[in-house]
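Below, all heavy atoms of this structure are taken into account, side chains as well, without hydrogens, waters or symmetry copies.
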Amino acid sequence: MAKLLVMKDISKSFYGVKALKNVNFDLESGEVHILLGENGAGKSTLIKILSGAYRADSGNIELEGKHIDISRLGPRMAEEIGIATIYQSFHLIPHLTVAENLMLPRFVRDGGMFIHWKAVFQDAKNALDALDFDIDPHAKVKDLSVSKKQMLEIAIALSKNAKILIMDEPTAALSQKEIEILFSTIARIKERGIGIIYISHKIEEIKRIGDRVTVLRDGSAIATVNPKTTSAEELISIMIGKTISSHNRRVVTSAGKTLFEVKGLQNQNFSKPINFEIYEHEILGIAGLVGSGKTELAQAIFGIDRLDSGKISLEGNKIVITSPRSAVMRGIGYLPEDRDACGLCLNMGVKENMSLANLAQLHSLTYSHVHETQSVQSMVDDIAVKTPELSQQVKYLSGGNKQKVILGKWLLANCRLLILDEPTIGIDVGARSEIYELIRNFAGDPGHSVLFISSDIDEILEISNRLLVMSQWQIVAELDPDKSSKNEIMQYSLGTRTRISHD
Amino acid sequence: MTKNNQSSSAGKTGIMRFFGRAMKNQAFSMFIILIAMWIVLAFMSPYFFTVSNIFEITLQTAVVAIIAAGETFITLTGGLDLSVGSTFACSAVLGGLVFQATQNLFLSLATTLLSGLVFGLINGLLITGLKVPPFIATLGMMGIARGFALIFSRGIPIFGLPPTYMWIGQGKLFNLIPIPTVIMVLVFIVAYLLLNYTRFGRFIFAIGSNTEAARLSGIPVAKVTIGIYAICGLLCGIASTIEAGRLGTIQPAGGNGYELLAIGAVVIGGTSTFGGEGSIIATLIGAIIVTTIRNGLNIIGVNAFWQQVVNGMIIIGAVATDQMRRHK
């Protein structure tokens, strides 16, 4: 029997830059084939060609042995021949019910012009039951959890007779429990002979659900291997083309004088007043699950959320922070979790983004353009932002480089305290280690420290000098990462273990 | 304008690259379109390319262009000001009444400019303080300012302006360049410098590009927003003194539909209605295009009522073209 999908010698250039070079990729029915690669390696380009968003410059695509005319492969044709993409950001209609979303636009009519609602809901229920999906057809989509929305997207794709499902980092927004549900869903749809192309950075999950993994690097397919028999180190080294030491132990250890102190901080979010201090040169990690209050703590300190009470001091002097502006003026920088929505002016250049906070701190009407260009250029060189020119709009940069632009912005603004909220989310392994390096270097400079917020416990154990665990909108533990473990942090996060070593 | 900065910062480009960039530059391509329009109109009417008509165009442009400069600042932040025409009328009426009461020209002009500024300030405060969307805040102000213009003047035009006032609209520098043209050029030079060489200008682009990112970078978003609406109001005041000077009277119904012309000039100039991208020079050319169309339609004898139809179609057409270009 012919393979479900064969893509041969696919090439694609954007403005003379080769994004894909003669890439070969194939997919069997009932298989999960993982695409692994750093941002900019060509994964998205490849799947966008398959889903008809981009047109390949050359190459062949065969579906179940039948030749597909790539010059005619657009989004509509992709849907017709059974290729469906499950998007990271769901394109469901939030105010309509599950059934309406599922049946749209093929509603059963009541003989004439009216919709036969009873039949619509019954059909939807049958379709969901057939898949063994536990979703109420009457529920409004906006009330569904993220994982149920994802299941609904899958159900919609399958109802349109999809043979190939493309999933682009489907676990990015899911909790551990929801990930388990997704994996069992994937196992079930595999049984129906559906082929799945799965994009992910997470090595553990690749090893768990992948049948094969193809690694892309710089637009070429480097290797296709079995993830179950290939070690994580091996996968990473194929992906980034060099070997990295898996543990880059922190260099900053000694706690010096207190740089930043929070006492009795309280607003409507927290269940208990927040107290902690950060020493000079310290990277203080804050661990906790999604919804534990980590992000809200950052927002309270940075002046985004209003404070009801509490004292904040910097280098022993009490400071009042009423707005992000007042925080920035005091030398506090904030890297928000959602870098595109809150961190960057996407259609402005690298230069304009990086100088923004520094300009905000000035008091004069004008500023030196020559100095701006020079200081941004030297920062770009220092922290190795990969950009063709300073005027490049940041929306064209990869995730890692975007994050470097934001870090560079705060470095140029001479920040003393950097608050980082999930700084490596969606960033590939290579860029990730560069960002850790930058953060360590920053903390190493005199008068600097870092508040590092992350849901990734391994990451927090690796980078922080000391860490706090948040759970249920309060700080529940203070731990030494050298003496703590993933297990212990998880127990505090989940509330199965309680102790407050520091008050 | 970020595009202009880019080409200068990149520097050392070959002639071909320069030409490529120039074609991408909105101001430049608009300029080509303008020249093409002038050539067509010159063929259609022998009167078009006369010296007096060219000056007439720059004169007519001045009022629209100055308002459009203010509208550009607002559009760059992703906002909108519908109240420009009413602010224009009301600030002129207030100035005119002060003149009638005091016979003091300086006081009268100061009142006009100040009241324009205050109307803009109120718009800005409504938008930042009470979080009223710009569309609604300025729509309301459009009604309020127009109403007050009619109430204060009792609906009667104000006559008897002194010769010095007329000079603002009718005078000529060196007996050649109309004063309105001079004022317009000065306004655009200041606006250009403000947008491209000051922190305020950079903040305007940043707010338009991503308000949240701008706020989290420490930019005083509310202050800048209030500032641009105030500037727009002030520019409406300046424009209204020019028009009053030209006509010799102050019309409480004046400036009607000017928001259409001003927004038209801005979007023809290619400033994105989503904010963050655009150029003040392109707005100037956009204003000249708007005026040329109006003037050209007059000359070839098209009914004045049709001009509004054409204006509306141009705004929609300009934004539609811009959208097509973006999504290509």
Report the distance from atom [atom1] of [X] to atom [atom2] of [Y], rounding to the nearest 0.5 Å.
{"X": "A:N347", "Y": "B:F274", "atom1": "CG", "atom2": "CZ", "value": "11.5 Å"}
{"X": "A:R325", "Y": "B:S217", "atom1": "CZ", "atom2": "OG", "value": "11.5 Å"}
{"X": "B:L193", "Y": "A:L365", "atom1": "CG", "atom2": "CG", "value": "10.0 Å"}

Side chain from CB out, backbone as N, CA, C, O: work out which of these in [X] comes under 4.5 Å of a heavy atom of chain B, or both, or neither.
{"X": "A:D340", "result": "backbone"}
{"X": "A:E372", "result": "side chain"}
{"X": "A:A341", "result": "backbone"}
{"X": "A:S355", "result": "side chain"}
{"X": "A:Y334", "result": "side chain"}

Any side-chain heavy-atom pair from B:Y197 and A:H369 closer than 4.5 angstrom?
yes
Do B:E277 and A:Q393 have side chains that approach each other closer than 4.5 Å (heavy atoms only, starting at C-beta)?
yes
Audit row: A:L344, B:N210, side chain to side chain contact (heavy atoms under 4.5 Å, CB included) steps and yes/no
CA-CA 7 Å; A:L344 293 165; B:N210 185 343; 5.7 Å; no
Candidates A:C342, A:C345, A:P324, A:P336 - the one meeting side chain to side chain contact (heavy atoms under 4.5 Å, CB included) with B:E212:
A:C342
Which heavy atom in [X] sits nearest to a heavy atom in [Y], and how many Å separate them?
{"X": "B:R199", "Y": "A:S364", "value": "NH1-O, 2.7 Å"}
{"X": "B:R202", "Y": "A:M348", "value": "CD-CE, 3.8 Å"}
{"X": "B:L216", "Y": "A:V328", "value": "O-CG2, 4.0 Å"}

I'd like to verify something: which residue of A:I406, A:L359, A:T366, A:L346 has the highest number of heavy-atom pairs under 4.5 Å with chain B?
A:L359
Can you tell me if NZ on B:K223 sees more than 12 non-hydrogen neighbours from other groups inside 6.0 Å?
no
